[in-house]
Amino acid sequence: MSTGAHDLFAVAAARSLHETATPSPRTHRKILLATAAAFAMAVTAAGAVWLARGAGRLWNGDPYPVADPAVTSQRLDGLTQQVYDTLDVPQATLDPKWPGGGQETDGSGCYYTGLKDLTKQVSDSPPSVPGVVAVSSEWGLKGVTPSQAVSALRRARKELTRRGWKVTSYEISDHWTVLSVQPPGTDDVVQVEAFPYDRLGVVAYSECARYPSGTPMPEWGDPELPAQQAPAPLRG
């Protein structure tokens with residue numbers, strides 16, 4: 001084969017290969033339209049699922065998380081101990097008559113949330129959801145003067161912030177001395193507040209949660225909680 005013929009043959013072969021590998025504009029449009037249609041169907045299906053889930057959540061309300069109240073109370077007890085350590089009030093003693101002291105469960109603020117229970121929510125006395133409670137751990141100190149309370153809250157705020165806690169409320173005035181903090185990674189809140197007669201109260205709260213089946217229940221019907229330990233240095 002001559003050189004010229006060989007070159008013509010190579011060009012023809014390359015053109016044929018190009019036409020085979022590259023679709024025509026019409027074919028290309030068909031591919032694009034088919035791809036767009038498939039994508040639109042996928043988006044529509046995903047949107048329908050998303051809307052169905054959203055509508056279901058709106059109707060039924062957000063489900064409460066499941067948590068063992070005993071485990072929650074121990075966690076809160078430990079958080080109040082951490083706060084006590086940062087207050088640095090060695091002159092204070094535990095107030096055994098502190099009102100509301102100890103560990104408690106309370107479901108009175110755990111309401112229905114879905115649209116299907118809207119009539120319950122707008123009731124003058126909205127009912128609580130059965131089997132759902134919030135947990136608290138509270139104790140009080142005595143022998144903390146107002147000026148000592150101010151200093152203690154300032155120390156606690158500085159140290160807890162350094163540890164990554166979030167300050168949700170902080171006020172020092174003639175009428176109110178209070179610090180509310182939230183430890184990292186939880187929705188728990190610990191509050192320290194000064195009271196008259198040289199008292200300082202510490203309380204931790206959890207969010208409402210549904211307790212699992214089989215949770216130990218005393219005679220009065222609330223979940224059983226372990227004995228309070230914090231503040232450990234003042235309990236002998």
Flag yes if [X] and [Y] sit in one hydrophobic cluster, no otherwise; membership is Ile, Leu, Val, Met, Phe, Trp, Tyr, and two members link when side-chain heavy atoms are under 4.5 Å apart.
{"X": "Val144", "Y": "Val83", "answer": "yes"}
{"X": "Tyr170", "Y": "Val190", "answer": "yes"}
{"X": "Tyr84", "Y": "Leu94", "answer": "yes"}
{"X": "Leu225", "Y": "Val203", "answer": "no"}
{"X": "Trp139", "Y": "Leu160", "answer": "yes"}

Under a 4.5 Å cut-off applied to non-hydrogen side-chain atoms, are [X] and [Y] in contact?
{"X": "Leu79", "Y": "Trp165", "result": "yes"}
{"X": "Met217", "Y": "Pro223", "result": "yes"}
{"X": "Gln74", "Y": "Pro226", "result": "yes"}

Practice task
Determine yes or no for a side-chain-to-main-chain donor-acceptor pair under 3.5 angstrom, with Arg235 supplying the side chain and Ala230 the backbone.
Solution key: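 Checking the backbone N and O of Ala230 against the side chain of Arg235, a donor-acceptor pair under 3.5 Å is found.
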Practice task
For Arg210 and Pro130, indicate whether the former's side chain and the latter's backbone hold a donor-acceptor pair under 3.5 Å.
Solution key: yes
Any side-chain donor-acceptor pair under 3.5 Å between [X] and [Y]?
{"X": "Thr168", "Y": "Gln182", "value": "no"}
{"X": "Gln81", "Y": "Asp77", "value": "no"}
{"X": "Glu193", "Y": "Thr177", "value": "no"}
{"X": "Gln148", "Y": "Ser151", "value": "no"}

When rounded to the nearest 0.5 angstrom, what distance separates [atom1] in [X] from [atom2] in [Y]?
{"X": "Leu87", "Y": "Thr80", "atom1": "CG", "atom2": "OG1", "result": "10.5 Å"}
{"X": "Asp88", "Y": "Arg154", "atom1": "CG", "atom2": "CZ", "result": "15.0 Å"}
{"X": "Glu104", "Y": "Ser73", "atom1": "CD", "atom2": "OG", "result": "11.5 Å"}
{"X": "Trp176", "Y": "Ser169", "atom1": "CH2", "atom2": "OG", "result": "5.0 Å"}
{"X": "Cys208", "Y": "Asp187", "atom1": "SG", "atom2": "CG", "result": "11.5 Å"}
{"X": "Ile172", "Y": "Leu179", "atom1": "CD1", "atom2": "CG", "result": "8.5 Å"}

Heavy-atom closest pair, residues [X] and [Y]:
{"X": "Asp188", "Y": "Pro183", "value": "O-CD, 3.4 Å"}
{"X": "Tyr112", "Y": "Ser128", "value": "CE1-O, 3.7 Å"}
{"X": "Pro212", "Y": "Pro69", "value": "CD-CD, 4.5 Å"}
{"X": "Leu200", "Y": "Ala149", "value": "CD1-CB, 4.0 Å"}
{"X": "Arg155", "Y": "Thr86", "value": "CB-O, 3.7 Å"}
{"X": "Ser137", "Y": "Leu76", "value": "CB-CB, 4.0 Å"}

Exercise for the section: Begin with the C-alpha distance, continue with both residues' side-chain angles, and end with the deciding distance and a verdict on side-chain contact (heavy atoms from CB on, under 4.5 Å) for Glu138 and Gln103. Expected result: CA-CA 6 Å; Glu138 181 174 3; Gln103 314 233 70; over 6 Å; no
Exercise for the section: List the steps and the verdict of side-chain contact (heavy atoms from CB on, under 4.5 Å) for Val181 and Val192. Expected result: CA-CA 9 Å; Val181 287; Val192 186; over 6 Å; no
Handout entry: Pair Gln191-Val202, side-chain contact (heavy atoms from CB on, under 4.5 Å): steps then yes or no
Key = CA-CA 6 Å; Gln191 180 170 297; Val202 179; over 6 Å; no
Practice task
For the pair Glu159 and Arg163, find out whether any cationic side-chain nitrogen is under 4.0 Å from an anionic carboxylate oxygen.
Solution key: yes
Practice task
Run the salt-bridge test on Asp198 and Lys142 with the 4.0 Å N-O cut-off and return the result as yes or no.
Solution key: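 No.
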Exercise for the section: Could you go through the side-chain contact (heavy atoms from CB on, under 4.5 Å) check for Tyr64 and Val129 one step at a time? Expected result: CA-CA 10 Å; Tyr64 284 103; Val129 180; 4.0 Å; yes
Practice task
Using the ring pair (Phe, Tyr, Trp, His ring centres under 6.0 Å) rule, take Trp98 and Phe195 through it: C-alpha gap first, then chi angles, then the decisive distance, then the call.
Solution key: CA-CA 11 Å; Trp98 185 261; Phe195 289 89; 5.3 Å; yes
Completion exercise
Paired with Thr105, the side-chain contact (heavy atoms from CB on, under 4.5 Å) test is passed by just one of Val135, Val132, Thr72, namely Val135
